[in-house]
Number of protein chains: 2
Amino acid sequence: MSLPHAILTALLEKPSSGLELTRRFDRSIGFFWSATHQQIYRELGRLEREGLVRASGPGVGRGQRKEYEVLPAGRAQLREWVGQAQDPKPIRDPLLLRLRAAAVLGVDGLEEELARHRELHRAQLAEYLEIEARDFPPERAETENRLQHVVLQAGIQLESFWLAWLDQALEGT
Amino acid sequence: MSLPHAILTALLEKPSSGLELTRRFDRSIGFFWSATHQQIYRELGRLEREGLVRASGPGVGRGQRKEYEVLPAGRAQLREWVGQAQDPKPIRDPLLLRLRAAAVLGVDGLEEELARHRELHRAQLAEYLEIEARDFPPERAETENRLQHVVLQAGIQLESFWLAWLDQALEGT
DNA sequence: GGAGCCATGTAACCCGTTACATGATTAC
DNA sequence: GTAATCATGTAACGGGTTACATGGCTCC
């Protein structure tokens with residue numbers, strides 16, 4: 001049940017229409033919780049029905065822009081969710097599965113694919129580092145937006161892990 | 001579409017019944033692709049209908065053990081899937097989402113939860129290291145089961161990443 | 001008046017999760 | 001005979017994915 005809370009968070013940061021939310025999911029929040037516009041509209045409908053957000057604007061039908069904002073009940077809901085204990089989920093990665101299958105089948109045409117993944121992770125890491133350089137320059141004292149920086153660092157370190165691991169996996173091939 | 005291929009891989013390693021598969025998913029394969037017995041039975045039914053696996057054993061109804069084995073078509077299917085290009089999926093982690101929400105809400109009761117996660121990752125890392133010590137002792141030359149070791153190392157390094165990151169996140173709190 | 005874009009939506013499908021149901025076998 | 005365990009299933013629901021549909025606006 002993370003998507004509704006991702007949306008509530010995004011709307012608290014800035015009230016938006018469905019499409020604007022979609023774009024922001026493609027950029028910032030989507031780095032660790034992606035969503036398509038279909039998901040977002042479906043969820044906004046639910047959140048409105050449950051009285052957690054409110055839509056303003058003329059539109060009722062299709063093509064009419066609606067702006068959503070979070071109601072107090074929505075903020076309370078989000079706060080409760082953040083406070084709940086939730087266990088981390090085990091890894092779920094098709095690439096690891098494919099390596100295991102390759103171990104059984106004796107397939108060895110996998111180097112290309114590993115190299116391709118390495119390139120993708122390299123690019124993603126570069127993007128994160130750019131964001132870090134822009135939004136969290138070393139001279140700025142970190143107090144208020146420390147949490148955002150920590151989240152970004154998780155992304156950076158995860159991509160670094162994949163890079164190092166893929167190097168290692170390719171080394172012996 | 002990973003679950004059917006995970007099952008095919010497990011069945012190639014050793015023909016099994018549904019329940020046996022479930023147990024093995026809880027242990028080895030489940031470390032990076034978990035599945036419940038309901039999923040597995042549903043998927044075994046499909047795989048059989050599609051002619052990718054074959055069931056033997058007396059049973060037709062409930063409670064009758066059936067043993068599944070992979071047919072040539074299943075092996076071919078798996079081989080094809082392993083060879084396909086598949087992009088890595090972006091991270092999808094509720095904990096990062098909760099940190100971001102906390103940044104907006106100004107919630108600060110999160111240290112306990114972070115510490116709890118750290119403990120869980122610490123335990124998981126210890127488990128992986130134990131498996132490594134048992135199945136991949138340093139003296140054994142790595143040629144045949146190198147792929148399995150690489151997969152395990154991914155698990156080890158991922159857990160190490162989480163540990164280090166959580167330390168870092170807790171440090172400034 | 002058509003192309004392109006902004007914007008909101010519907011429909012269908014598969015996967016993962018949870019709860020529950022039922023049959024066979026063994027131990028006491 | 002009944003409790004526990006092995007074993008196979010059904011039903012219902014929600015989230016994620018993909019494809020498609022529709023309405024309004026602007027620019028040329």
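Throughout, protein chains are lettered first and strands after them, A, B, ... in sequence-line order, and every chain is numbered starting at 1. A quick note: this is a predicted structure, and the numbers were derived from the prediction, not measured.
For the segment residues 79-96 of chain B, residues with any heavy atom less than 4.0 angstrom from an atom of DNA chain D are, sorted by number, B:Arg92. A heavy atom closer than 4.0 Å to some atom of DNA chain D occurs in no member of residues 7-25 of chain A. Taking a 4.0 Å limit (strictly below) on heavy-atom distances, residues 38-53 of chain A reaches DNA chain D at A:Gln38, A:Gln39, A:Arg42, A:Arg46.
For A:Glu119 and A:Arg122, the salt-bridge test passes: some basic side-chain N is under 4.0 Å from an acidic carboxylate O. Between B:Arg65 and B:Glu20 a salt bridge is recorded (basic side-chain N to carboxylate O distance below 4.0 Å).
A heavy-atom distance below 4.5 Å is not found between the side chains of A:Leu114 and A:Glu111. Counting heavy atoms from C-beta on, the side chains of B:Asp93 and B:Trp162 come closer than 4.5 Å.
Other residues, nucleotides and ligands place more than 12 heavy atoms under 6.0 Å from the CD atom of B:Gln84. Within 6.0 Å of CZ in A:Arg24 there are more than 12 heavy atoms belonging to other residues, nucleotides or ligands.
As a whole-Å value, the separation of B:His37 NE2 from C:dT22 P is 14 Å. When the P atom of C:dA24 is taken as reference, atom CD of B:Gln64 falls 6 Å away, rounded to whole Å. Atom pair A:Lys66:NZ and D:dG24:C1' shows a separation of 15 Å (rounding to whole Å applied). Here the C1' atom of nucleotide C:dA7 and the CD atom of A:Glu67 are 13 Å apart, to the nearest Å. Atom pair A:Met1:CE and D:dC13:C1' shows a separation of 13 Å (rounding to whole Å applied).
Judged as a ring pair (Phe, Tyr, Trp, His ring centres under 6.0 Å), and not counting sequence neighbours, B:His117 has no contacts. In this structure, the ring pair (Phe, Tyr, Trp, His ring centres under 6.0 Å) partners of B:Trp81, at least two apart in sequence or on a different chain, are B:His5.
Ranking D:dT17, C:dG16, D:dT8 by closeness to the A:Thr36 side chain, first place goes to D:dT17.
No option in A:Leu11, A:Leu44, A:Ile7 other than A:Leu11 meets the side chain to side chain contact (heavy atoms under 4.5 Å, CB included) test with A:Ser16.
Grouping Ile, Leu, Val, Met, Phe, Trp and Tyr by side-chain contacts under 4.5 Å, direct or through others, puts B:Tyr41 with B:Leu19.
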message: Checking A:Gln86 against B:Arg98 for the side-chain contact (heavy atoms from CB on, under 4.5 Å) test, could you report, in this order, the C-alpha distance in whole Å, the side-chain angles of both residues, the deciding distance, and whether it holds?
response: CA-CA 10 Å; A:Gln86 294 177 40; B:Arg98 287 201 282 161; 3.7 Å; yes

